[in-house]
Peer 1: 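There's a structure below that I have some questions on.
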Amino acid sequence: MEKRKKLIQAYLFSTLGVVVAGIALIAVNVILDPLNLRMDLTEEHLFTLSDGTRAILKGMDTPVNIRFYFSKDVAQMPVHLKTYAGRVEDILKEYRRYAGSNIEIQRLNPQPDSDAEDSANLDGVVGQPLGAFGTGDRIYLGIAISCLDQTVALPFLSPDRENLLEYDITRSIYRVMHPEKPKLGVLSSLPIMGEMVPPQMMMQMPNMSQKPPWQAIEELKGNFDVVEVDKTADSIDGDIDVLMLVHPKDLEDKTLYAIDQFVLRGGKLLAFLDPMSMIESQEQSPQQRFMPPGASSLGKLLGAWGIEFDTEKVVADMEYMTRIRRRMDAGPEAMPLVLTLTSEAINADDPATSQLENVLYVFGGVFKGDGAEGLTKTVLLHTSEECQLVEKYMAQRSGEAIIKEFSSAEREQELCVRLAGTFKTAFPDGKPAAKDDDKGEAKEEAAGDSLKESATPGAVVLVGDSDMIYDNFCVQKGSIFGQTIVQPINDNLTFLQNLVEQLSGDSNLIGIRSRGTLSRPFEVVRSMQAEAERRYQDRIKALEDEVAETNRKISELQREKKQGEKALLSAEQQEAIRKFREKKAETNRQLKDVRKKFRRDIDSLENRLMVVNIGLMPLLVALGGIALAIVKRRRLVRK
Amino acid sequence: MSKAVSNTLTITRRELAGYFASPVAYVFIVIFLLLCGFFTFMLGNFFARNEASLSSFFVWHPWLYMFLVPAAGMRLWAEERRSGTLELLFTMPISPVQAIVGKFLAGWLFMGIALLLTFPMIVTVAYLGNPDGGVIITGYIGSFLVAGTYLAVSSMTSAMTRSQVVSFITSVVICLLLILAGWPPVTNLVLKWGAMNWLVEGVAGLSVIFHYDAMQRGVVDIRDLVYFLTVIVFSLFVTGVVLKSHRAG
């Protein structure tokens with residue numbers, strides 16, 4: 001009896017034990033959930049705060065309040081947003097860890113008609129409606145950061161922008177701590193600041209729409225006080241810290257002088273020059289399009305700085321050419337004048353470019369020259385050795401035409417350079433006289449009033465392409481819940497921001513940007529493709545010439561037919577046409593063959609790898625097993 | 001204390017040797033490697049993605065394991081019970097805990113060996129491009145932990161029944177539930193039953209995929225480690241309870 005009781009007790013204990021253990025299992029997991037202990041093993045430490053953020057956090061002297069709004073109770077919250085919110089919270093905890101008591105984090109759940117919701121709206125954190133027509137619950141996933149009376153909001157955190165999350169947060173923290181932004185002046189021949197179309201014009205030309213400023217400008221506005229500088233300005237405001245020129249076409253001497261003096265007084269200049277502006281072509285009316293697109297340069301200034309910029313040539317690069325699928329029915333088209341610059345083309349030592357992986361350079365030019373005496377030149381972007389400077393009109397032709405006629409310059413060309421040090425003036429005689437000054441009064445500025453040489457060391461960054469910061473070439477705009485989300489498609493905007501920030505003296509923010517946009521393509525495949533292009537271009541050129549010739553002969557014969565009196569062709573003519581058509585078909589077939597060969601090496605590599613990976617190990621294991629079995633049987637037999 | 005450990009390891013060694021003495025182990029490994037490779041290259045579009053990472057390789061593991069691990073684990077205890085060697089095992093001077101852990105470790109090491117044999121993938125991806133080594137390491141750790149979790153569950157089901165087939169099916173179902181716990185249709189169902197939000201989140205947190213995906217990103221988070229370890233410990237505990245009850249009964 002006693003024994004049985006003991007048994008039952010033991011059994012009950014066990015079942016109860018299981019239930020208790022089950023609850024303990026869940027409890028442990030739930031309790032430990034707020035714990036944020038982890039090891040980031042990624043190569044770029046994507047999930048740990050970068051040095052730049054830590055430096056900024058350590059330098060905090062006033063407390064900053066971060067309000068994290070997240071509607072965690074909404075049932076229809078999409079899963080990926082929920083998990084993303086978890087990651088956002090994790091990273092905020094990291095901020096707190098480094099900043100200590102200088103950062104206070106509040107988690108708020110903006111339920112309908114709650115205080116949290118009012119607070120969110122006041123802060124500028126906008127709820128996104130779930131329903132199709134704006135009905136349904138609103139979900140909030142945003143951050144508001146404030147310090148004293150300054151508040152900056154990240155209205156909606158999209159997982160698409162996760163790799164810039166740390167940058168967005170740190171930038172916002174920095175901005176609330178330092179509300180004064182450096183002043184950036186922008187001078188351009190293009191409507192980079194956006195265009196307001198007057199109502200009368202809207203009626204006359206209804207296709208013209210309000211043009212918003214380029215995305216590049218919108219991004220810069222986040223950190224800088226951006227003002228427009230007129231193309232015909234004759235002086236640059238004293239409070240402008242950085243001057244950015246974007247395709248400064250045909251500047252007058254007085255404006256060049258203003259820029260010259262700006263640099264000499266210590267102002268920082270960032271100039272995007274261009275031998276061939278695609279955007280300008282777009283803006284032109286159809287008649288103007290027949291003329292080659294205009295080029296921009298800085299004339300005398302470059303001469304004084306010891307740099308040359310050829311406005312008649314664009315650079316082609318076989319290694320960095322971009323393949324774009326222009327038509328749905330064709331494969332990707334090779335465009336050697338559109339360069340996708342990867343790490344080897346980018347200066348890895350300079351803080352402005354060290355973390356860039358992917359820069360798009362569109363029909364741009366190159367710089368030559370070592371910089372004048374007293375200046376140090378740093379090359380920030382360059383081509384590969386397999387490049388060529390081609391005449392501008394070549395750009396109208398197809399990529400394959402350029403590849404066919406490619407002849408390598410066999411040295412790297414410079415696409416972006418920085419000059420720093422003591423600059424000399426390009427206007428030794430002082431301010432140029434105004435053109436329409438025919439009153440005869442000597443409106444001279446004493447030659448001594450203008451600077452001849454840098455008062456304080458200056459810096460100038462020159463980039464050989466201006467299209468690269470235009471929207472289509474650097475971002476992709478999408479829409480989530482009706483709000484426009486802008487996603488970078490390469491590092492072009494990062495490149496721009498890094499340069500402006502470096503020039504304006506804010507180096508900490510540079511270290512944070514562009515993490516996680518790293519693409520890790522199959523390098524081996526890429527170089528094989530480049531190699532294949534080189535190998536087969538001759539053959540393809542020959543074949544295509546043949547096809548062109550054959551086509552010509554066919555049309556010649558057909559024209560004869562029209563001119564002749566007879567309604568029908570003679571038997572010979574028909575025979576000739578038939579032969580030519582055959583030849584054309586044959587040549588086309590050969591062409592297709594060669595094109596297939598392009599991929600042959602790559603396909604064979606892929607197949608080999610597949611066989612090795614799928615088949616080799618299983619084969620070895622099977623053989624091993626069989627070998628072992630044989631050995632054992634022999635041992636058994638011997639016994 | 002060290003006697004317990006050495007006992008456990010002895011069992012592990014004996015079981016592991018047992019695995020490789022039978023052709024089943026080799027067939028199992030061959031099938032695992034073939035399926036991994038097939039899924040990665042054919043279904044995972046490894047080459048088309050042009051990405052030097054093993055994400056198209058790792059994504060399949062929880063699903064492959066769901067079938068393969070129960071197949072390996074079903075014989076852990078069911079066989080012993082059927083052939084009656086269970087009592088024999090427990091007359092030896094080893095405690096049930098040592099036996100359970102020892103057998104489990106043997107199975108886990110076996111899975112680990114099978115996983116290690118996928119190293120040609122690493123070589124391939126390192127040759128083709130420049131992958132993130134840390135992400136690959138955490139990927140393997142996560143995969144190993146998922147295998148261990150399923151194995152512990154199989155150990156549990158295999159102790160409950162004499163039939164290996166029943167053990168297999170039950171184990172597959174439980175593993176499937178563990179995968180689906182975080183799946184929106186499932187969480188919505190739980191919500192409809194009128195559960196509170198914290199319960200739903202608790203259920204979602206039980207999902208293997210949730211924690212496995214977290215490790216795939218390259219971060220070893222203590223919460224994910226705790227999840228896997230607690231599920232393993234719990235399953236082995238239940239194994240012990242079930243075996244004890246069979247012994248008593």
Side-chain angles (χ1 to χ4, degrees), chain A residues 7 10-11 14-15 17-18 21-22 24-26 28-30 32-33 35-47 72-73 75-76 78-79 82-83 87 90 518-526 605-606 609-610 612-622 624-626 628-629 632, chain B residues 20-21 23 25-27 29-31 33-34 36-38 40-41 46-47 50-53 117-121 124 127-135 137-138 182 184 188 191 197-198 202 205-206 210 213 217-223 226-227 230-231 233-234 237-238 241 244-245 248-249:
Chain A
L7 279 169
Y11 192 88
S14 291
T15 317
V18 169
L25 160 68
I26 299 184
V28 166
N29 276 293
V30 169
L32 284 183
D33 194 61
L35 192 67
N36 198 25
L37 214 67
R38 61 208 190 150
M39 217 166 39
D40 183 345
L41 291 176
T42 54
E43 249 173 37
E44 306 145 42
H45 299 290
L46 294 174
F47 301 102
K72 56 191 193 86
D73 291 331
Q76 299 95 320
V79 176
K82 224 192 285 194
T83 41
R87 296 205 285 276
D90 282 348
L518 179 64
S519 72
R520 298 175 183 267
F522 290 143
E523 318 264 338
V524 168
V525 174
R526 202 166 54 83
L605 173 70
E606 289 182 4
L609 286 175
M610 246 198 297
V612 165
N613 276 292
I614 301 182
L616 183 65
M617 278 321 283
L619 190 66
L620 288 177
V621 168
I626 294 175
L628 222 69
K632 261 209 297 191
Chain B
F20 286 105
Y26 299 92
V27 172
I29 293 183
V30 166
I31 293 181
L33 292 175
L34 279 174
C36 266
F38 175 73
T40 306
F41 288 98
F46 180 72
F47 286 117
N50 197 27
E51 196 186 295
S53 85
L117 288 175
T118 59
F119 72 85
M121 284 300 313
T124 304
Y127 164 71
L128 283 177
N130 179 26
D132 187 330
V135 169
I137 292 178
T138 59
N188 285 342
L191 269 175
N197 239 324
W198 57 265
L206 279 181
F210 178 73
D213 277 351
R217 293 180 304 136
V219 184
V220 175
D221 193 317
I222 203 171
R223 290 169 291 184
V226 163
Y227 165 78
T230 49
V231 174
V233 166
F234 174 73
F237 172 72
V238 173
V241 165
K244 188 162 171 217
S245 77

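The chains referred to below are lettered A, B, ... by the order of the sequence lines, with proteins before strands, and numbering in each begins at 1. Every heavy atom of this structure was used, including side-chain atoms; hydrogens, water molecules and symmetry mates were not.
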Peer 1: Heavy-atom pairs under 4.5 Å with chain A are the metric here; pick the option from B/G37, B/G129, B/A52 that has the most.
Peer 2: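 Heavy-atom pair counts peak at B/A52.
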Peer 1: What part of B/P23 is in contact with chain A, defined as an atom under 4.5 angstrom from a non-hydrogen atom: side chain, backbone, both or neither?
Peer 2: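 Neither part, no heavy atoms under 4.5 Å.
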Peer 1: How close do B/P120 and A/M617 get, heavy atom to heavy atom, and via which atoms?
Peer 2: CG-CG, 3.4 Å
Peer 1: Taking side chain as everything from C-beta outward and backbone as N, CA, C, O, which of these in B/V231 sits under 4.5 Å from a heavy atom of chain A? Side chain, backbone, both or neither.
Peer 2: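 Answer is both: backbone and side chain atoms of B/V231 are under 4.5 Å from chain A.
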Peer 1: Between atom CD1 of B/I222 and atom CZ of A/R38, what is the distance when rounded to the nearest 0.5 Å?
Peer 2: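 B/I222 CD1 to A/R38 CZ: 12.5 Å, rounded to 0.5 Å.
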Peer 1: Please classify the contact between A/A629 and chain B as side chain, backbone, both or neither, with a heavy-atom cut-off of under 4.5 Å.
Peer 2: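 For A/A629, neither part sits under 4.5 Å from chain B.
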Peer 1: With sequence neighbours left out, what residues match B/F41 under side-chain contact (heavy atoms from CB on, under 4.5 Å)?
Peer 2: A/M610, A/N613, A/I614, B/F46, B/F47, B/M121
Peer 1: Which residue out of B/L33, B/V220, B/T230 racks up the most heavy-atom pairs below 4.5 Å with chain A?
Peer 2: B/V220
Peer 1: Can you tell me which portion of B/A21 sits under 4.5 Å from chain A's heavy atoms? Options are side chain, backbone, both or neither.
Peer 2: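 Contact with chain A is through both the backbone and side chain of B/A21.
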Peer 1: Considering only heavy atoms from C-beta outward, does the side chain of B/Y127 approach that of A/L605 to under 4.5 Å?
Peer 2: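 They are in side-chain contact.
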Peer 1: Check whether B/Y227 gets within reach of chain A through its side chain, its backbone, both or neither, counting any heavy atom under 4.5 Å.
Peer 2: both
Peer 1: Are the side chains of B/L117 and A/L620 in touch, meaning some heavy atoms are under 4.5 Å apart?
Peer 2: no
Peer 1: Taking A/N29, A/L619, A/V612, A/V525 one by one, which has the highest count of heavy-atom pairs under 4.5 Å against chain B?
Peer 2: A/N29
Peer 1: For B/D213, which residues count as a salt bridge (charged side-chain N to carboxylate O under 4.0 Å, His left out) partner, sequence neighbours excluded?
Peer 2: none
Peer 1: Between chain A and each of B/V30, B/D132, B/V233, B/L34, count heavy-atom pairs under 4.5 Å; write down the option with the most.
Peer 2: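 Maximum pair count with chain A is reached by B/D132.
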